Colleague: 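Okay, handing you the structure first.
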Amino acid sequence: MGPVPTFSRRLKRELLNMQKELPAGIHIATADDLSTWEMDLEVLDQNPIYHGKTFRLRFKFGKNYPIEPPEVMFVRTADREIPMHPHVYSNGIICLDLLSTGHGWSPVQNVESVCVSIQSMLTGNTKNERPEGDSQFVMTPMRSVRDINFVYDDPTV
Amino acid sequence: MSSDDELMSDQMSDAYGDDDEDSLGELDYEEDGGEYIDEGKEEKPTKRSYEVEFKVYSDDQIRKSQQNQVEEVASILGLPGEQVAILLRHFKWQKDRLIEKYMDSGEEVLEEAGLGPSYDTPPKLETVQGFVCDICCDDEVGLDTYAMRCNHRYCVNCYRQYLESKIKDEGEATRIQCPSEGCSMIVDSKTVDLLVPVEIDKRYKELLNRTYVDDKPNLRWCPAPNCEYAVDCAIRPVQLHTIVPSVNCRCGHNFCFGCGFSEHQPCPCALVKKWLKKCEDDSETANWISANTKECPKCVSTIEKNGGCNHMTCRKCKHEFCWVCMGPWAEHGTSWYNCNRFEEKSGSEARDQQAKSRASLERYLHYYNRYANHDLSAKLDKDLYIKTEKKMTTLQSSSGMSWIEVQYLEAASKVLQQCRQTLKWTYAFAFYLERNNHTYIFEDNQKDLEMAVEHLSELFEKPTDQLSTAKNDMLDKTAYVKSRRMILLDYTAKSLAAEE
Ligand SMILES: [Zn+2]
Ligand SMILES: [Zn+2]
Ligand SMILES: [Zn+2]
Ligand SMILES: [Zn+2]
C-alpha cells in the first residue's frame, strides 16, 4: 500500500540517506517501491549463534508510516534463515516493543534505526532458542503483525 | 504485561509516581470512596458472604463528581477551575495530596503539571528558518511548525497526524508523549486544542473524562459494549485471593470488579486467568471434547445436543445416557453419581512419565469437559428460552395465560444461565483445589447444584403445551436451584476467607 503522498517524501529521503551510508552489517536488499523493502543484516561480533550468517528483514509500510510503525519481520529465502532468538518466532515474527503502536514506536525512528535496534538485539543474545510457545504460535493463522499483543515481559532482551 | 497485571500493578503501586518517598498509603483512598456522589446510592438490605458492596454511577454522575471536586479544590487553592482539573488529573485525583503539596511548594507543583509560568502564554505555531521536519522530511520555506517546552519541533501536519492517531486509534489522552523518541513530555490539552480538528478534540475531552475512572482504584467502567456506567467498589487487589467481587451493572451485565471479566464466582480472579491460559494452550487437545455431536454409547448413531440438559435419549434406540460421562442415565436419576468428581488414579498406574502425563491430561480433560459443557449448555438454554418465548407468545391465547403470567419462564431461564455460569467456574476452581475435607463438601455442593440445574433444565425442554401445566413445578425448581447456588457460593466464600 505504501504511505500517503505527504509521507512518501520521507521514505524517498530515507532511501537516499541509506544509499549514501549505512552502519556496518546492514545492507539494502530490495527497495523498488514505497510499500515493501528488504534489508540484509549481519551480526558483527563473534557471537557463535549468528557467526557467518546473514538474515533478511522485510519492512512493510502502511499509509500512516511513519506515524505508525512499519510491519517488520524476518523472512526465509534460499540462503537466509530465521535467526534463533527468544523474541523471534520461527515464522519470522519479532516481538519487540519499538515495533508496536502505542508502545515503543516514535515517528522519528526509521528503517535504519529499526535495523540497528534489531542488530543489537541479536548481538546481545546468548540464548540459542525460540520464544516459549513458538510451535503453537506459528500454527495460529496470521494476523496483521502489529495487531499481535505481545507481552513485553523481559526488559533485558 | 496483560491487562489484568496492569490493573493489579497500577492499583497497587503508588498512583502518583515512583520518585516520591512519602507516598500515601492505601487508607488514604478510603475517604474518596463514599463522599463524592450522593444520588444513586444502592443500599443492599442484607449482604451474603459472597457478595460485595458496590454502587453504579452513570457517565453524568461521574462527570459531576469530577466537577464537584474541581470546584472544591479550586476554592481552597484559589486557582481557576481549568488549572485545578489539570492538577487533579496529574495527582491521579488524590486531592488531599495535591492540596498538601501545593501548600508546600506551589510553584514546583504547577511546573511539574505543565502549568509553569509559560502556561498563560498560549501555545502557537512558528516558522523557523532552515527547518526540516524529522517525521516527513519536509523543508519547505514558511512551513508551520510546533514544539512543546521540550523543544522537539515538527511540522504542524505531522504533529497533528501523530495526535490524531494517538487519540482516535489508540484512545490515549493523558499519556500521549512528545513524538520524539525517548522524550517523556506529556502533550497538554492546550497543545491538543491548538492542533487537532474539533471532532478529534471532542473525543480527547471524552477520553480525559474517562481517565478519572481509570485513575481511581475504587472505580471501574462496566466492560459491556456501549455501556456508560461505572461501578464503585472498595475491594483492593490484595483481597482478590479470598474474595470474588461480582457486581451487577445497571445495564444488566454481571461482571467481576477485580478483573473486569464476566462474573466468575466462585473461582478467584488469579485462577480464572490461569485456567483460561491453560485452556488456550491446550485447546488443540481439548477441542474434540466440546464438539456438539457425540455417538450414542449403545447404537453408535450420531446424536446432536440441542438443549442444555445432559439427559440424552437416543432417538434411534431410545437409550438414555448422560452427555457428560456417557454413562447410563438410570444411574444418575437420584444421585448423579460421580459425574462431577474426578477419581484420581492410584499412584502405581502413574509409574512412568508417559502414564503420568496421560493422567494429568485426563485430569485436565475431566474438568475442561464439564467446564465447556456448561458453557455450551448455557448458550443452548438461552436459545431454547428464546424459542420457547416465541411459542409462548403465539400460544398465549390458547393457554389462557397473560403475558405477566408467563414471566416465570424468563426468571427460570435467567437462573439457569446464571447457575451454569457458576457451575462452569466451579470446575476451573476444582481443577486447582488441593484435596482436603473442604474439597469433599465443595464437590457435594457442586453435585447438588448440578442435579438441581439438570432437573430444571429438563423441565425447560418439555413441549410448549406441557409447559403451562408445569408452572408450579418450574417455580419450585427455580427457587430450589437458586438456593443451591447460594449454599455453594456461601460455603466457598467462607472457606476462601478462612484460608487467609
Ligand atoms: Zn512533518
Ligand atoms: Zn519532546
Ligand atoms: Zn453495564
Ligand atoms: Zn475476576
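Predicted model only: the values in this text are computed from it and were never measured. Lettering follows sequence order; numbering is per chain, from 1.
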Colleague: Hey, which of S8(A), S106(A), P66(A), S113(A) has the most heavy atom pairs under 4.5 Å with chain B?
Modeller: S106(A)
Colleague: Most heavy-atom pairs under 4.5 angstrom with chain A, which of S180(B), C178(B), C158(B)?
Modeller: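 Among the listed options, the one with the most contacts to chain A is S180(B).
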Colleague: Counting only non-hydrogen atoms closer than 4.5 Å, does D169(B) touch chain A with its backbone (N, CA, C, O), its side chain (CB onward), both, or neither?
Modeller: side chain
Colleague: Using only atom types and a distance under 3.5 Å, with no angle test, would you say the side chain of R56(A) pairs donor to acceptor with the backbone of D40(A)?
Modeller: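 Checked: no pair found.
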Colleague: Do R210(B) and W221(B) form a cation-pi contact, if we require the NZ or CZ to be under 6.0 Å from the six-membered ring centre and within 45 degrees of the ring's axis?
Modeller: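 So R210(B) does make the cation-pi contact.
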Colleague: Check whether C133(B) gets within reach of chain A through its side chain, its backbone, both or neither, counting any heavy atom under 4.5 Å.
Modeller: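 Neither part; nothing is under 4.5 Å.
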Colleague: If I take atom CD from residue E38(A) and atom CZ from residue R80(A), how far apart are they, to the nearest 0.5 angstrom?
Modeller: 10.0 Å
Colleague: With only heavy atoms counted, which part of R13(A) is less than 4.5 Å from chain B, the side chain, the backbone, both or neither?
Modeller: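 Contact with chain B involves the side chain of R13(A) alone.
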Colleague: Whether R175(B) and D214(B) form a salt bridge (side-chain N of Lys/Arg under 4.0 Å from carboxylate O of Asp/Glu) is what I want to check.
Modeller: no
Colleague: Using the benzene-type ring in the case of Trp, are the ring centres of F61(A) and F7(A) under 6.0 Å apart?
Modeller: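 Centroid separation for F61(A) and F7(A): 6.0 Å or greater.
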Colleague: Side chain from CB out, backbone as N, CA, C, O: work out which of these in P107(A) comes under 4.5 Å of a heavy atom of chain B, or both, or neither.
Modeller: both
